[in-house]
Amino acid sequence: MRKLIVCAAAIVLACGQIAAAGAEKFFDPAALTTVGVYYYPEHWDPSQWERDLKQISDMGFEFVHYAEFAWAQLEPEEGVYDFEWLDRAVELADKHGLKVIMCTSTATPPVWLVRKHPDILLTREDGVIVDHGSRQHPSVSNEFYREYSMKMITRLAEHYGSDSRIMGWQLDNEPRPFVDYGPDAQKRFREWLQRRYGSIEALNKAWGTAFWSQVYSDFSQINIPMLSQQFMNTHQILDYGRFNTEETVSFLDEQTRVIRRHITGDQWVTTNLIPDYNNGHLRQIRELDFHSYTRYMVFGENYGVGRKGYRLGPVERIAKANDFFRTIDGVYGVMELQPGQVNWGRINPQPLPGAVRLWLWHVFAGGSSFTCTYRYRQPIYGTELYHYGIVGPDGVTPTPGGLEFKTFIEEIALLRRNADPGAAAPAEFESRRTAILYNHENEWEMQRNRQTTEWNTEEHIDKYYGALKSYGAPVDFIDEGDEFSAYNVVVAPAYEMVDRELIDRWTAYVEQGGNLVLSCRTGHKTRNGQLFEAPYGYPVWDLIGADIDFYDLPMPGDPGEVEFEGRRYPWTSWGEILTPRGATEVWATYQGDFYDGRPAVTHTRRGKGTVTFIGADSHGGQLEKAVLQQLYGRLGIELLDLPAGVNIEYRDGFGIAVNYGDRTHRLPVDGKEFIIGGAEIPVAGISVWKQ
Ligand code: GAL
């Protein structure tokens, strides 16, 4: 459930503790965290269940995760439910001291349902209707799919809703908007547009249909936009993204409401979301008690630090998911954390020994309440052959990752004996706490209208995020529903679509003492993705104390340069050329093109606060990093200078460092009592000290 989240301390602004959340009540603070594993009893001979559950418990796991894809076993025929096998699996879990997360299994409707109502299947853009035999093939826009899902969930919740062995619920599996061109989706899109715009004239205006003769005279004429068709109306595509997000959200919210009718107050409801930040539903599923994420780190991409970085992944990957999900409800869990080699990458390397433990610690460091992993036994049939589990294909021998889970669980037991649950982090750490204001719709809009192949919205944001983490700053990803005044510094990178209300809120934040950092592309468009009837970025000119004269996009082979404090920073992807007004300071200038010497970065005071505008997107984010350093220096906020791959976080009275780098580093931690590791942190190492 949505709530306001604020930071723990701030230098300039008065700042309260985190608003009462609600979801904290589900987790024992003294336990710090709890670790579990997916087990699919329906995949194995029942004679092996007890052996497996006993070993799960012996390895230290505290819960199991059941029934995620088991609709066909739970309702083998329409209206005929079979919970007997699951009851037995729950009983055995309980016998071995394991709690259970129960799942709704809507990602895999049974074949009887698909054949009876074939229109529940998704229709692709090319007109092909997908078929039974995989997963995630139904459309959330189909009324039968929704109806049958809710019937099945009702029965499951009636059966397990007051069972104290069930700790909580996971909805569906990695739910996300799927594109569907079927008749139900078309109909619901038109109805959604009608509700949104009221009249066809209003829609025509919002979509700019005077352009290219696109004008509609009735909602019934509108279709879901063909996403691969060249030059398709960009405003129509933006609205389709909004609609499709809401389709997913309303399906999940409906599931939660059905479950809530039958469960006791001790059971929570969440789902396992992929941290694809450009997916709007990540924050919008309002009924959940809290949000959880899934994370895979090594699959032949995501090169981290150095030549072997692909065996660890980049340090930002878990850090950012922690900082994004924690801020939604104050509580988060990780439902799937890679246990070892996977099967679905283009290339599937082995993780570095120690990587799984490193990731577990990193998830924990961000403040998570639990970590679970997909899956206990490696599958020996089905689509995910070669995917590692906690034990290998023989069903009993722990994998290296399985043993690292065991080590982590033992280490947490050690921490539980030394913890100060809920302790505030050191004031010096909190003084650096920074918010990044993020709205996925800006990313949709800019990625579709990049203007240069050099532009990448997520990479642009990550330049700021990576710099902040390297300075040892705790970061909260916030959205417009959150309170800005809780933070000394709010960074809103490339915040393209704005309205008067947002600009007024930014202005009030700054006037009351906040420090706002804005970057190129901010304020160019209305919420419909249209340009303002004004010069580029005009709505923010007053706020930034500068005019934006034009923007440039050099050719990749001919990078521009920005000079800041005597250093030159190359850039190609976006540069806004500024004219400062009044007392606005020029911090950096463009060099060597027809706008040589013109301002690229400005800084202005307004009321009790400041606005820094960074007009260029530099290669590797080095300019952004240097500008942030100057800003924090002015504000008297002391920064760390952590080596590549190292992050430091605090929770429950502990400092925790992780090293995804390619060499041993010395941590800037003196005179502290280390509980695990020490001031020297090796590759894939972790260090934990009492704060
Ligand atoms: C996840 C998915 C799991 C499993 C896993 C394999 O994305 O949620 O069900 O398929 O990938 O790595």
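All ligand and atom numbering here is 1-based and tracks the order in the structure. Heads up: numbering here begins at 1 and tracks the sequence.
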Between Ser292 and Thr270, do the side chains contain an N or O donor and an N or O acceptor separated by less than 3.5 Å?
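The answer is yes; a qualifying pair exists.
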Any side-chain donor-acceptor pair under 3.5 Å between Thr106 and Asp172?
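Thr106 vs Asp172: donor-acceptor pair found between side chains.
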Could you tell me if the side chain of [Y] sits less than 4.5 Å from the side chain of [X], heavy atoms only?
{"X": "Pro177", "Y": "His281", "answer": "yes"}
{"X": "Trp359", "Y": "Val658", "answer": "no"}
{"X": "Gln73", "Y": "Tyr40", "answer": "no"}

Any idea which part of His387 is under 4.0 Å from ligand 1, heavy-atom wise: side chain, backbone, both or neither?
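The answer is the side chain.
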For ligand 1, is any non-hydrogen atom under 4.0 Å from Glu336's backbone (N, CA, C, O), its side chain (CB onward), both, or neither?
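The part of Glu336 near ligand 1 is the side chain, not the backbone.
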Report the member of Tyr388, Tyr296, Phe299, Tyr38 with the shortest heavy-atom distance to atom 5 (C) of ligand 1.
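Residue with the shortest heavy-atom distance to the ligand atom: Tyr296.
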Does an N or O anywhere in Glu68 fall below 3.5 Å from an N or O of ligand 1?
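In this structure, Glu68 places no N or O atom under 3.5 Å from an N or O of ligand 1.
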Does ligand 1 come near enough to Glu384 that some N or O of the ligand is less than 3.5 Å from an N or O of the residue?
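Yes, at least one N or O pair falls under 3.5 Å.
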Measure the distances from the heavy atoms of Arg135 to every atom of ligand 1 and state whether one is below 4.0 angstrom.
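Yes, Arg135 has a heavy atom closer than 4.0 Å to ligand 1.
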Measure the distances from the heavy atoms of Asn173 to every atom of ligand 1 and state whether one is below 4.0 angstrom.
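For ligand 1, residue contact (heavy atoms, under 4.0 Å) with Asn173 is present.
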